[in-house]
Amino acid sequence: MKEQLKVISESLKNRLVEMNRYIHDHPELGNQEHEAVNVLTTFLRENGFEIKCPVAGLDTAFEAVYDSKKPGLSVAYLCEYDALPELGHGCGHNMIGVMSAGAGVALSKVIDEIGGKVYVFGTPAEETNGAKVTMTEAGLFNGMDAVMMVHPSGFTTESGTSLAMEALQFDYTGRPAHAAAAPEKGINALNAVIQLFNGIDALRQHVTPDVRMHGIITNGGVAANIVPEHATAQFYIRAATKEYLAVVKEKVLGIANGAALMTGATLEVSNYEISYDDLKTNELLSETFNENIRSLGIEEIKKPSKSTGSVDIGNISNICPTIHPYIGIADCEITGHSQQMVDATVTDFAHDRLVIATTALAYTGYDVLAGNVKLK
């Protein structure tokens, strides 16, 4: 069956390359990826998938499903397709969407014999507001037996981890006064923000090394001779797991409230961006993918480096088996979010690797549906 999947994937190469080049040449920012969605859903619809678009209240999110009409498991592939401002596809999302759609189509050609369902999800705005979080909260991934995607990079790398992240905004309100003539009548909101920073700096030595706490002051007052009535700080708080992130968050909130008490200001705390859970790679699914990609001629698979970033796929991985490996498209170091990546995604070498990754994803999906790997 896998040899059949390989033949199918290779037969799709011209179409996959065409789609990859088109999305590359027509970059669209997050939540504006209408052309990319049209390209991918047209391909999926032509191959028997039923399409829902939009989903989860997101105009450029979609759900595509091929149902064998036989009992079985459900495998999902994730498409990304948003670009970066000015740069274009500096993170290779043009390849990600095409690889996942190609894998879904290839697997759909054999699923009628083994049963189950193949899903392909369009997940917009990975670079900005993380649509996978919204889609997870909407229940789109509930019941999935395996969720997969592959990201282009300089080297082929195993699926790893990411940091859980919460984006917190601290709004302090004081009382304005003339800073020279009547400072005693004022309550300085900026002082509260400064104490917040000092407290968080003091906390750093009392948290585990994986924790990252970094912030900026977005509002510090309006004039030097006016006691600041309003002051605002925004922080990213990150940790290796969402469980420990919750512990750190409580410590930070304690500091923030303490800063308010110290200065007499009032405090309002909110989230200014969507929060991300940590990526929990399913090791059995990951090793299955690694074995499949080795069988296609890629022998060297690097271990992932320790992550200090956060990705929206983490939320999916906390509810169902998930992997996020990397495919080498240059066999050299490539800087993400660079012109180097933009150019690398449309080389002949990258297109060969696109087909290999598509095939490996299809192989792994087959292993799940056929019961060759037991994930639960």
Quiz item: Quick one: does Gln340's side chain have a donor or acceptor within less than 3.5 Å of a partner on Thr335's backbone?
Solution: yes
Per side-chain contact (heavy atoms from CB on, under 4.5 Å), Phe170 is matched among Val193, Thr232, Leu253, Thr218 by Leu253
I'd like to know if the side chain of Thr60 pairs up with that of Glu33 as donor and acceptor (distance under 3.5 Å, no hydrogens or angles considered). yes
So NE2 of His206 and NZ of Lys251: to nearest 0.5 Å the spacing works out to 9.0 Å
Q. If you count the non-hydrogen atoms of other residues, nucleotides and ligands that lie under 6.0 Å from CD in Glu300, is the total more than 12?
A. no
Looking at Asp348, I want to see if its CG is surrounded by more than 12 non-hydrogen atoms of other residues, nucleotides or ligands under 6.0 Å. no
Distance col, row Met144:CE vs Phe121:CZ, nearest 0.5 angstrom, shows 4.0 Å
Under a 3.5 Å distance rule, please check whether His230 uses its side chain to pair with a backbone N or O of Asn219 as donor and acceptor.
no
| task | Can you label the angle between the Tyr22 ring and the His26 ring as parallel, tilted or perpendicular, going by 30° and 60°? | result | parallel
Q.
Donor-acceptor check, side chain of Ser286 to backbone of Glu283, threshold 3.5 angstrom: yes or no?
A. no
Evaluate the side chain to side chain contact (heavy atoms under 4.5 Å, CB included) criterion for residues Val105 and Val120: first the C-alpha distance (whole Å), next the side-chain angles of each, then the deciding distance (0.1 Å), finally the verdict. CA-CA 9 Å; Val105 167; Val120 179; over 6 Å; no
Point to revise | Main-chain N/O of Arg212 paired with Tyr236 side-chain donor or acceptor, under 3.5 Å | key: no
Which of Val147, Ile274, Leu78, Asn315 passes side-chain contact (heavy atoms from CB on, under 4.5 Å) with Lys132? It is Leu78
Is there a donor-acceptor contact under 3.5 Å from the side chain of Thr347 to the main chain of Ala344?
yes
Whether the His151 and Glu80 side chains hold a donor-acceptor pair (N or O, under 3.5 Å, no angle test) is what I'd like checked.
no
Exactly one of Thr288, Thr364, Asp367 clears side-chain contact (heavy atoms from CB on, under 4.5 Å) with Asn372, and that residue is Asp367
The reported gap from CD in Glu273 to OG1 in Thr128 (rounded to nearest 0.5 angstrom) is 8.5 Å
Any donor-acceptor pair under 3.5 Å linking the side-chain atoms of Thr345 with those of Asn94? yes
When rounded to the nearest 0.5 Å, the distance separating NE2 of His34 from OH of Tyr81 is 10.0 Å
More than 12 heavy atoms of other residues, nucleotides or ligands under 6.0 Å from CE of Met262: is that the case? no
Are Tyr272 and Phe197 linked, directly or through intermediate hydrophobic residues, by side-chain heavy-atom contacts shorter than 4.5 Å (ILVMFWY only)? no
Separation between OG1 (Thr322) and CG (Leu285), nearest 0.5 Å, reads 8.0 Å
When rounded to the nearest 0.5 Å, the distance separating CZ of Phe235 from CG of Leu196 is 5.0 Å
Legend entry - Under 3.5 Å: donor-acceptor pair, side chain of Tyr66, backbone of Lys109: no
Q: Decide if atom CD of Gln339 counts as having more than 12 heavy atoms of other residues, nucleotides or ligands within a radius under 6.0 Å.
A: yes
Practice prompt. Indicate, with yes or no, if the rings of Phe62 and Tyr119 have centres closer together than 6.0 Å.
Written response: no
